[in-house]
Amino acid sequence: MQISGLIPAHCDDAAALWHRAGLTRPWNSPEGDFRRALDGETSTILGGFDDGCLIGTVMVGHDGHRGWVYYLAVDEARRGQGLGVQLMAAAEDWLREQGAVKVQLMVRSTNEAVVGFYDRLGYEDADVTVRAKWLV
Ligand SMILES: CC(C)(COP(=O)(O)OP(=O)(O)OC[C@H]1O[C@@H](n2cnc3c(N)ncnc32)[C@H](O)[C@@H]1OP(=O)(O)O)[C@@H](O)C(=O)NCCC(=O)NCCS
């Protein structure tokens, strides 16, 4: 798998992958999320490619204080081959290059099984409760 920054032309493939991976929600436009991440100066989306096919993604950004990871996904047919670990390592490298000293992520309560994956990568329970509010 080769990892590189995605470009606008990858929007549909990424949104389809996120949909198949169960990461999309009806109230959130994955295409809108994709565009905002690429438009922002402090965020990007890294894609994993095999033979030109997009087989994995990770959205990464920082807010000047901490780094955040979203939309980590590996094509179902390619899971269990270490690609998720490679994508997370690339996201962490990108954040280090941006000067971030800490990275965090949110896991939906309906996706607790994936917590074991992050545990293996050294992610710890941050013991916080997240609150969210729509601004639009
Ligand atoms: C999470 C995800 C990206 C992992 O990708 P992957 O390429 O299969 O992961 P890796 O092969 O790098 O796995 C590394 C290790 O974590 C383990 N692991 C992978 N997914 C796991 C999960 N859901 N729960 C617990 N452990 C998991 C693997 O067994 C492997 O362990 P090993 O080294 O002992 O074999 C992939 O399962 C996925 O796309 N899931 C759907 C989308 C999702 O839930 N994303 C996270 C949103 S917070």
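All heavy atoms count here, side chains included; hydrogens, waters and symmetry mates do not. Start at 1 and go down the list; that is how both ligands and their atoms are numbered.
- Met59 has its side chain within reach of Ile45: a pair of non-hydrogen atoms, C-beta onward, lies under 4.5 Å apart.
- Residue contact check: Gln81 has heavy atoms under 4.0 Å from atoms 11 (O) of ligand 1.
- Ring-plane geometry between Tyr71 and Trp18 is classed as parallel, the angle between the planes falling under 30 degrees on a 0 to 90 degree scale with a further cut at 60.
- Among protein heavy atoms, atom 45 (N) of ligand 1 sits closest to Leu72 O, 2.8 Å.
- Considering only non-hydrogen atoms, atom 36 (C) of ligand 1 lies nearest to Arg79 out of Met106, Arg108, Arg79.
- Residue Ile55 holds its CD1 atom at 8.5 Å from CD of Gln2, rounded to the nearest 0.5 Å.
- At least one heavy atom of Ala73 sits less than 4.0 Å from an atom of ligand 1.
- Of the listed residues (Tyr71, Phe117, Tyr118), the one carrying the non-hydrogen atom nearest atom 9 (O) of ligand 1 is Phe117.
- Remark: the backbone N or O of Arg66 is paired with a side-chain donor or acceptor of Asp63 at under 3.5 angstrom.
- Protein heavy atoms are found inside the 4.0 Å sphere centred on atom 21 (C) of ligand 1.
- In summary, the atoms of ligand 1 found under 4.0 Å from a heavy atom of Ala21, numbered by their order in the structure, are 41 (C), 42 (C).
- Contact annotation for atom 28 (C) of ligand 1: protein absent (non-hydrogen atoms, distance under 4.0 Å).
- Here the protein heavy atom with the shortest distance to atom 39 (O) of ligand 1 is Val74 N, 2.8 Å.
- Side chain to side chain, Thr42 and His62 fail the donor-acceptor criterion of an N or O pair below 3.5 Å.
- Residue Val114 holds the heavy atom nearest to atom 1 (C) of ligand 1 of all those in Leu17, Val114, Leu83.
- Atom-to-atom distance recorded for Thr44:OG1 and Ile7:CD1 is 11.5 Å, nearest 0.5 angstrom.
- Between Arg120 and ligand 1, at least one pair of N/O atoms sits closer than 3.5 Å.
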